[in-house]
Amino acid sequence: MKTVEGTVPNQRAQQPSLARASAAYDAGTEMIPAARDFVSGYLARAQAEHGLPVTTKAVQIAQLVVSELVTNVTKYAPGPCLLDAEIVGDDLQVTVWDTEAAMPGLAAPDAERVGRHGMEIVLTLCRRFEISRHAGGKRIRVCIALD
């Protein structure tokens, strides 16, 4: 895993963000717990270094969302995964880049189905969800409330 941090202005929010942190992972299931640790560590640093109020619930939600998104990468994308975390206003913005151009889908509701609920969980827990195709894959960006 490679981690990069720096301050990057956020153009959409029209305000500077706290330092963005990025991590790159090779394919494999070991990136799932690494991504959870990355996002919880990022939030802990934001709280310790910037006095940002981050609730335990927000950390748990961020870990779950990142876990679901990165799990999808391990299942469906044939390559590395990039993960960005950034505080924008009162939200944690998480961006996951992968090498699969196919868009994720939602399965029809089925109380008997075991598994394949990841995107439902992500959509329920996030304030915002964006997905777009890019050369070599796609980008999924979500915003999670910190309060």
- How close do Gln47 and Val54 get, heavy atom to heavy atom, and via which atoms? NE2-O, 3.4 Å
- Note on the structure: Separation between CE (Met31) and CG (Asp37), nearest 0.5 Å, reads 14.5 Å
- Mind running side chain to side chain contact (heavy atoms under 4.5 Å, CB included) on Leu92 and Val39 for me, showing each step along the way? CA-CA 10 Å; Leu92 168 65; Val39 77; 3.7 Å; yes
- Query: For Pro33 and Thr29, which heavy atoms make the closest approach, and how far apart are they?
  - Reply: CD-O, 3.4 Å
- Message: Working note: Asp147 + Arg127, criterion salt bridge (Lys or Arg N to Asp or Glu O under 4.0 Å); need CA distance, chi angles, decisive distance, verdict.
- Response: CA-CA 12 Å; Asp147 49 4; Arg127 285 191 197 197; 3.4 Å; yes
- Item | Audit row: Ile144, Leu125, side chain to side chain contact (heavy atoms under 4.5 Å, CB included) steps and yes/no | CA-CA 7 Å; Ile144 300 163; Leu125 295 174; over 6 Å; no
- Query: Listed by chain and number, what are the side-chain contact (heavy atoms from CB on, under 4.5 Å) partners of Ser132, not counting sequence neighbours?
  - Reply: His134, Arg139
- Please assess Leu82 against Ser22 for the test side chain to side chain contact (heavy atoms under 4.5 Å, CB included), listing each intermediate value before the final yes or no. CA-CA 7 Å; Leu82 302 176; Ser22 298; over 6 Å; no
- Is the closest basic N to carboxylate O distance between Lys75 and Asp98 below 4.0 Å? no
- Task: State, with a plain yes or no, whether a side-chain heavy atom of Arg128 is found less than 4.5 Å away from one of Gln93.
- Result: yes
- How far does CG of Leu64 sit from SG of Cys126, to the nearest 0.5 angstrom? 9.0 Å
- Does the Tyr42 side chain pair with the main chain of Ile87, one donor and one acceptor, at a distance under 3.5 Å? yes
- Would you kindly confirm whether Val73 and Met103 end up in one hydrophobic cluster when ILVMFWY residues are joined by side chain heavy atoms under 4.5 Å apart? yes
- Item | Same apolar cluster (I L V M F W Y, side chains within < 4.5 Å links), Trp97/Val94 | no
- All side-chain contact (heavy atoms from CB on, under 4.5 Å) counterparts of Ile140, not counting sequence neighbours: Leu69, Pro104, Phe129, Ile131, Lys138, Val142
- Does the side chain of Val65 reach to within under 4.5 Å of the side chain of Val122, using non-hydrogen atoms? yes
- Item | Side-chain (Arg36) to main-chain (Gln63) donor-acceptor, under 3.5 angstrom | no
- OG1 on Thr95 to CG on Leu83, rounded to 0.5 Å: 8.0 Å
- Kindly give the heavy-atom pair with the smallest separation between Ala145 and Ala58, and that separation in Å. O-CB, 3.6 Å
- Please identify each residue that fulfils side-chain contact (heavy atoms from CB on, under 4.5 Å) with Pro78, with sequence neighbours left out. Thr99, Glu100
- Message: Nearest 0.5 angstrom please: Thr124 OG1 to Met119 CE, how far?
- Response: 10.5 Å
